Amino acid sequence: MREPSSRSLPHMSDTTSSPATPTASADPTEQEITEQKAVRLAKRQRLLDEATDAAGGAYPVSVPVTHTIRQVREAYGHLAPDESAGVTVGVAGRVVHLRNTGKLCFASLQSGDGTRIQAMVSLAAVGEEDLAAWKDLVDLGDHLFVSGEVAASRRGELSIMVAEWRIASKAIQPLPNLHNELSEETRVRSRYLDLIAREQARRNVVTRSTAVASLRATFAERGFLEVETPMLQVMHGGASARPFVTHSNAFDTDLYLRIAPELYLKRAVVGGIDRVFEINRNFRNEGADSTHSPEFAMLEAYESYGDYSSIADLTQTLIQEAAKAVSGSHVVTWADGTEYDLGGEWDRISMFESLSQAAGVEITPQTPIEELAALAEREGVEVPHPIHGKYVEELWEHFVKGGLERPTFVMDFPVDTSPLVREHRSIAGVVEKWDLYIRGFELATGYSELVDPVIQRERFVEQAKLAARGDVEAMRLDEEFLRALEFGMPPTGGMGMGIDRLLMALTGLGIRETILFPLVK
RNA sequence: GGGCCUCUAGCUCAGUCGGUAGAGCAGCGGACUUUUAAUCCGUAGGUCGUGGGUUCGAGCCCCACGGGGCCCA
C-alpha cells in the first residue's frame, strides 16, 4: 500500500515554485510546458518522494495483477446490482473516466484491448488519508493498479471495491478528450492516442495481424518457406519504379532501398528453395495519396513447377482464407457497411479480349501502334511512354477497369511492358501474366516467370535503352541475376500482392488506416 | 504539377462588418458516499501555423512559406 501524502493538496502557487517544475530547466531547447503538465509533474515528484520501495512511487517495477479486466468481466459480468462476488482480484488499466461524489470516488479503467471496469474508492474502505491521496494524485490517463472485491454497483456496473491501489504509471500528458473524435491528423500522427480512444483503431491492428498470420498459415500448409532478402541493394530491380537512394559509408557507395524482392527470391528458386515467399517492406520514391504509400508491405511468392494459372489458384486461396480468418466467412463487411463477396471461383478474363469487347473494335498484339494511338487520342487517354503495350494497358484501364465489380483475374498482358515474364505458350505477343482486381483496384499480379537467361538478357537490354532515353522507372541490367539464371531456374509461377491493399480489400479502409504508423512529414 | 478548403487553449471546435479572444471536455480551489461525459459554486489557461504587408487598429483583408485534407491531371 502506498504511503499517503502528508502534504497539503496542491495549489498553483505551490506547483509553479516546485523544483519539479521544468521551467527551471537549463536546457534551452526544452519546450515551454503547459499548466496541466506542470501539475502532473509535481504529482509525479510527490509520488517519487514518498516511495518506500520498488513497488511504490510513480513508476513501480511491477504491480501484483491477478486478472485481466476481460477475465473479471467474463467471470463476474453476471452480478446483479449491489451483489458481491466474494472474490478479491488485482487488476490494472488506464484511467479513462473519473467521477467523485465526495466520500465515494469512481474511476473507469481501460485495458489495452479496450475492455473497461469500474473502480470504487470509498471513505469507509480506505480511510480519510488514502481517499485524499486518491483525489490528489490520480489523473485521467494514469495507469492504475487496484485490488479489492469484485462487486456490482447499485446501478449494476461491474466494479472493484478498492481496498488497495497504487499508480502503475503516472501520465504527464493529459489524455485527449475522449468524447470528441480525434482529428484525422492527430489519429495518424499520434496513433497511440487513436488506439486508446477508438475501438476501430484497435480492431484494425488485430485485423491486419490476423490476415497476415492467415497468409503465413496458408503458405505453411502448402510447404512454402518464408525468407528475407536484402532491402539495401547495390542495384534495384524486380519492378518498374523510382527507388530511394542512400549511401553506405563502409562500402563508400550508393545503395538503393529495394523496390521489390523478386530478383533475390528467384535466386533462391535457382538454389532449390522450390516454394518460397517473403512478406516485407518495399520502398518506392513516388507520390503518396490515399492509395499509395512510399513504403508498403508486399508479399511475393514463387512456386517452381507451377505457372500463372496455379499461382492464381494459390492467390485466390490465400485471400479467401484471410477473409475467413478476419470476418468468419468469404463475405467481408467494409467499414462503410457494404458487404463484398470474395467467395467462389473468381472470373478470369483476357486483357485483349475484354478491351476489344469494351472498345467495340478488335484489338490484338498485332494491331498497328498507329491505330492504338488514334484510339487513345479519340478517347483522351494520355500514354506517358508510347510503346505498343503501354497503349494497350492504358486503353484497357480506360475502357474496362472501372467496370470490374467482382474479384477478377485479368490475364495475358502485352509482352513489351512485362520484361520479366515469359511469352504465352500459345498466343503470340502476350505474356503469361495476370493482374487481380478487387472492386476496381489492383491487388495482386502473377506470372509464369521468364527463366530463359538469353531472352531475359534481351529484355534487360531493351529496358536499359528505355532508361537511357530517360524513363526513370525502367529496369537496370542485373548481371549477377542473369548469371544465376544461367545455372537454370525451373519453370515457376510467381505472385506479388500488396499487404496494405489486401487489408483495404478486406476492410474497405483507407491505406492510412491499414498502416499503423504511416509516413507523415 | 493545378484548383479548392483548413491550421484559434491540453483535446474537439465557435469567433458576425476589421474594433480588448470564446464554449464544451480536461485542469486548479471548494461542496457532495452509487456515479456512468456525474452534478453544483468558484477559478486559471492563448506568439490565433510562420514571416511579411495594408490599416489608427488584423484571428478576420493581401502576399509568401510550412503542415493537413479534398478534387483534378
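Letters A, B, ... are given to chains in the order of the sequence lines, protein chains preceding strands, and every chain is numbered from 1. All values below were derived from every heavy atom in this structure, side-chain atoms included, with hydrogens, water molecules and symmetry-related copies excluded. Being a predicted model, the structure only gives us computed values, none of them experimental.
Using N1 to N3 plus N6-O4 or O6-N4 for Watson-Crick, or N1-O2 and O6-N3 for G-U wobble, each under 3.5 Å, B:rG1 pairs with B:rC72. Using Watson-Crick or G-U wobble geometry with both donor-acceptor distances under 3.5 Å, B:rC60 finds no partner in any strand shown. Nucleotide B:rC65 forms a Watson-Crick or G-U wobble pair with B:rG49, both donor-acceptor distances falling under 3.5 Å. B:rU36 makes up no base pair with any nucleotide shown, lacking Watson-Crick or G-U wobble contacts both under 3.5 Å.
Between the NE2 atom of A:H179 and the P atom of B:rC11 there is a distance of 16 Å, given to the nearest Å. Look at CG on A:N177: it is 11 Å from P on B:rC11, rounded to the nearest Å. Regarding A:L98, its CG atom lies at a distance of 16 Å from the C1' atom of B:rU33, rounded to whole Å. Distance A:H97 NE2 to B:rU36 C1': 8 Å, rounded to the nearest Å. Separating the CD atom of A:E35 from the P atom of B:rA44 is a distance of 11 Å, rounded to the nearest angstrom. Remark: C1' of B:rG66 and NZ of A:K521 are 8 Å apart, rounded to the nearest angstrom.
Toward the 5' end of RNA chain B, the nearer of the two residues A:E181 and A:D139, judged by each one's closest nucleotide, is A:E181.
Glycosidic conformation of B:rC17: syn, with the torsion inside 90° of 0.
Taking the six-membered ring where tryptophan is involved, the planes of A:H179 and A:H97 are essentially parallel, since the angle between them stays under 30° and well short of 60°.
If you check every strand for non-hydrogen atoms under 4.0 Å, A:S108 touches nothing. Heavy atoms of A:S159 sit nowhere under 4.0 angstrom from any nucleic acid atom. Across all strands shown, A:R189 has heavy atoms under 4.0 Å from sugar-phosphate atoms exclusively, and none from any base. Within the nucleic acid shown, A:L123 comes within 4.0 Å of at least one base atom, counting heavy atoms only. Note on A:N100: a base of the nucleic acid sits closer than 4.0 angstrom, heavy atoms only.
Across B:rU8 and B:rG2, the matching P atoms stand 26 Å from one another, rounded to whole Å.
Salt-bridge formation is detected for the pair A:R191/A:E513: a Lys NZ or Arg NE/NH1/NH2 atom is positioned less than 4.0 Å from an Asp or Glu carboxylate oxygen.
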